[in-house]
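So the structure is just underneath, and the comments pick up after that.
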Amino acid sequence: MREFATFEEKLSAWTAESMKSVFGLDESEIHLGVSPTNNEQFGDYQCNAAMALSKALKKAPRQIAQEFVEGAVLPDFIDRVEIAGPGFINFFLSNSAVAGYIQSLENDAKLGAEPVGEGKTVVIDYSSPNVAKPMHIGHIRSTVIGNSIDRLYRFLGYNVIADNHLGDWGTQFGLMLVGYRAFVNEAALAEAPVEELERIYVASYNKSKEDETWREKAKTELVKLQQGNEENRALWKKFIELSIEEFDTIYNRLGVKFDLYRGESFYNDRLPKIIEQLEAKELAKESDGALIVDLEEDGMPVCIVRKSDGGYNYATTDLATVESRIEEFSPERIIYVTDERQQLHFKQFFKISEKLGLEANLVHVWFGLMRLPEATFSTREGNVIKLAALLDEAEARALELVKSSSPDMPEAQQKDLAKAIGIGAIKYTDLSQNPQSLVTFTWEKALNMEGEGNSAPYLQYAYARISSVSDKYKAQFPDSDLNRYPLVIEHELERRLAIKLARFPAAVSGAADNYRPNILADYLYDLAQIYSSFYSNVPFLKADEGVRESRIRLCRSIAAVLKQGLDLLGIETRDRI
RNA sequence: GCCCUGAUAGCUCAGUUGGAUAGAGCAACGGACUUCUAAUCCGUAGGUCUCAGGUUCGAAUCCUGAUCAGGGCGCCA
């Protein structure tokens with residue numbers, strides 16, 4: 001078993017092994033391991049196998065539990081075991097074993113998490129805004145959730161390739177090209193490039209609705225672009241560069257980094273070959289002039305891979321993208337983070353790529369759509385809330401709070417702190433709930449940063465309090481060496497904290513395996529809650545020597561887990577708040 | 001019409017993939033700052049887990065049906 005294996009891992013391995021030997025089982029469909037209890041009175045871990053084995057062994061569950069407990073030799077980290085209710089086997093960890101484990105984690109950069117991803121590559125495709133349109137609040141979930149998954153997989157040792165699959169190709173560029181030439185305001189373009197590009201697009205789109213020759217012109221320019229016309233290509237590249245530059249300022253504010261910015265256009269050259277393969281394998285056929293893949297036997301509607309005008313569409317591009325990623329990176333898995341509307345599309349193209357023989361584990365992580373209380377928003381309706389405006393507002397509100405609660409702090413520090421709090425609050429709102437729920441955007445919710453209850457500032461506050469205590473300890477006892485004092489569990493809250501700390505790896509793997517950062521967010525909130533209770537009910541700096549050091553040491557581990565955990569959510573911590 | 005989701009406290013949401021008495025926060029009420037940061041803590045109250053069946057030792061969780069809500073279903077991504 002690995003060096004920093006958790007109690008759950010060790011105990012599960014032990015119960016499974018012991019069950020088999022005590023009852024002479026070979027393989028079992030039944031889960032023989034343990035799971036954490038949800039109530040301390042039932043111990044720390046419980047094994048429920050006795051009930052499930054009842055039928056196979058033809059014995060009463062309590063009797064099975066009894067025989068098991070009598071027949072097996074308890075591992076040394078278990079203090080005692082109890083049989084309860086219909087046949088639950090409850091395990092109580094020994095305090096010294098828990099203390100020893102927490103102490104050993106001080107030497108583990110992963111804080112007990114298993115680097116299961118070592119040697120494996122995973123591509124994560126997220127954020128993916130469209131060129132020439134400003135990012136709005138609809139982009140926040142893909143960006144924030146995708147980035148947290150990115151961070152989680154990196155932490156677990158995966159070689160992560162974060163790819164921003166920009167919408168940089170498509171019919172809208174015909175309108176953009178003619179629109180730009182007719183309407184561009186150079187001053188506005190220099191000032192706020194993407195906003196001006198969007199204005200151009202909307203103007204051109206509106207004109208196209210009533211002016212047929214305008215539509216024709218747009219189409220001609222689009223064809224020229226696709227055929228490689230130099231002027232159009234240069235302009236198109238300019239749209240992309242201006243857009244990326246502006247996206248990057250937002251990503252910097254959010255602490256998001258991509259390894260690649262490969263738009264759809266990157267895969268253009270592969271599209272005809274994808275079609276060839278589909279035809280060669282007789283997966284595609286003509287229908288009303290378009291080329292389609294019939295997925296009826298898979299219970300899905302048909303999927304268009306080439307339009308009747310000869311153009312390709314997104315399914316084809318996505319297939320080419322998978323093929324390219326496999327060739328270049330040999331990923332163990334490719335993860336897409338998009339909103340719920342694309343579920344069918346992903347199911348279809350996953351199925352087609354399987355039929356094409358593209359070997360990769362494709363995962364669609366979808367999240368509920370963001371809505372406004374009044375209605376859905378759209379660029380054309382003009383009721384979008386721009387992401388930059390949301391971030392500005394969050395930082396401004398945070399700064400007000402910081403100024404009122406820390407008036408003596410230097411201004412530069414107040415501003416820095418306000419950024420960490422404002423951005424953290426926005427991210428936490430999205431990361432602390434199940435991604436698959438529909439979200440109605442309200443300023444009040446998005447900017448929840450009063451620090452009351454389950455919120456980012458609450459966690460940041462808990463962290464800052466620990467930092468403050470550590471610093472005071474160093475100031476008061478400059479010559480003390482913490483490592484010379486053992487970590488001892490005495491108080492009930494110390495025990496709860498230590499047990500909670502030992503469950504960090506489970507929270508991380510739960511969040512990563514299920515693509516749900518909220519599992520980690522929940523965990524961190526629980527930890528911070530227990531710590532806050534500990535802080536106000538148990539003295540540490542004022543405790544006797546020995547107890548004091550042990551508690552400071554425990555605090556240090558809590559700080560490490562809080563900092564690392566928040567970092568995995570993309571939320572920053574500060575030593576003072 | 002078909003498919004995918006969701007429905008849990010007045011409000012916003014968790015619920016470790018079938019376990020024991022369903023949990024937090026907000027709002028409400030009562031208490032704690034001469035103290036290691038009160039952006040905190042301690043306590044009270046609040047529930048027919050949408051409804052009806054089923055599966056089994058055991059269901060908020062799985063199955064079937066219904067109601068309501070969101071999304072999708074051939075040339076947008």
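Residue numbers begin at 1 in each chain, while the letters A, B, ... track the order of the sequences.
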Discussion item. So, OP1 or OP2 of C41(B): does either fall under 4.0 Å of a side-chain N or O from Y458(A)?
Written reply: yes
Worksheet item: Using a cut-off of 4.0 Å on non-hydrogen atoms, how would the nucleic acid contact of S308(A) be classed: base, sugar-phosphate, or nothing?
Response: base
Worksheet item: Reckon Q342(A) touches a base, only the sugar-phosphate, or nothing at all at heavy-atom distances under 4.0 Å?
Response: base
Worksheet item: Considering only heavy atoms and no angle criterion, is a donor-acceptor pair shorter than 3.5 Å present between the side chain of Y461(A) and the base of A39(B)?
Response: no
Worksheet entry | No-H, no-angle donor-acceptor pair, Q433(A) side chain to A14(B) base, under 3.5 Å | no
Discussion item. Tell me whether F42(A) and A20(B) count as stacked here, given that the ring centres must be under 5.5 Å apart and the planes must differ by less than 30 degrees.
Written reply: yes
Specify the residues of [range], ordered by number, for which at least one heavy atom lies under 4.0 angstrom from an atom of RNA chain B.
range                       : result
residues 521-532 of chain A : D522(A), Y525(A), Q529(A), S532(A)
residues 536-550 of chain A : S536(A), N537(A), V538(A), P539(A), F540(A), L541(A), K542(A)
residues 49-60 of chain A   : M51(A), K55(A)

Discussion item. Looking at F266(A), I'd like to know if the NZ or CZ of R262(A) sits under 6.0 Å from its six-membered ring centre while staying within 45 degrees of the ring's axis.
Written reply: yes
Worksheet, complete the sentence: Given the 90°-from-0 boundary between syn and anti, U67(B) should be labelled anti
Worksheet item: Which pairs, with at least one residue in residues 37-58 of chain A and sequence neighbours excluded, count as a ring-ring contact (aromatic ring centres under 6.0 Å, His included)?
Response: none
Expected rows: protein N/O vs nucleotides 4-7 of chain B N/O, under 3.5 Å:
from  : atom 1 : to      : atom 2 : distance (Å)
C4(B) : O2'    : Q343(A) : OE1    : 2.8

Worksheet item: Which side-chain hydrogen bond (donor to acceptor under 3.5 Å, both in side chains) pairs, counting each pair once, include a residue from residues 309-322 of chain A, with sequence neighbours left out?
Response: D318(A)-H345(A)
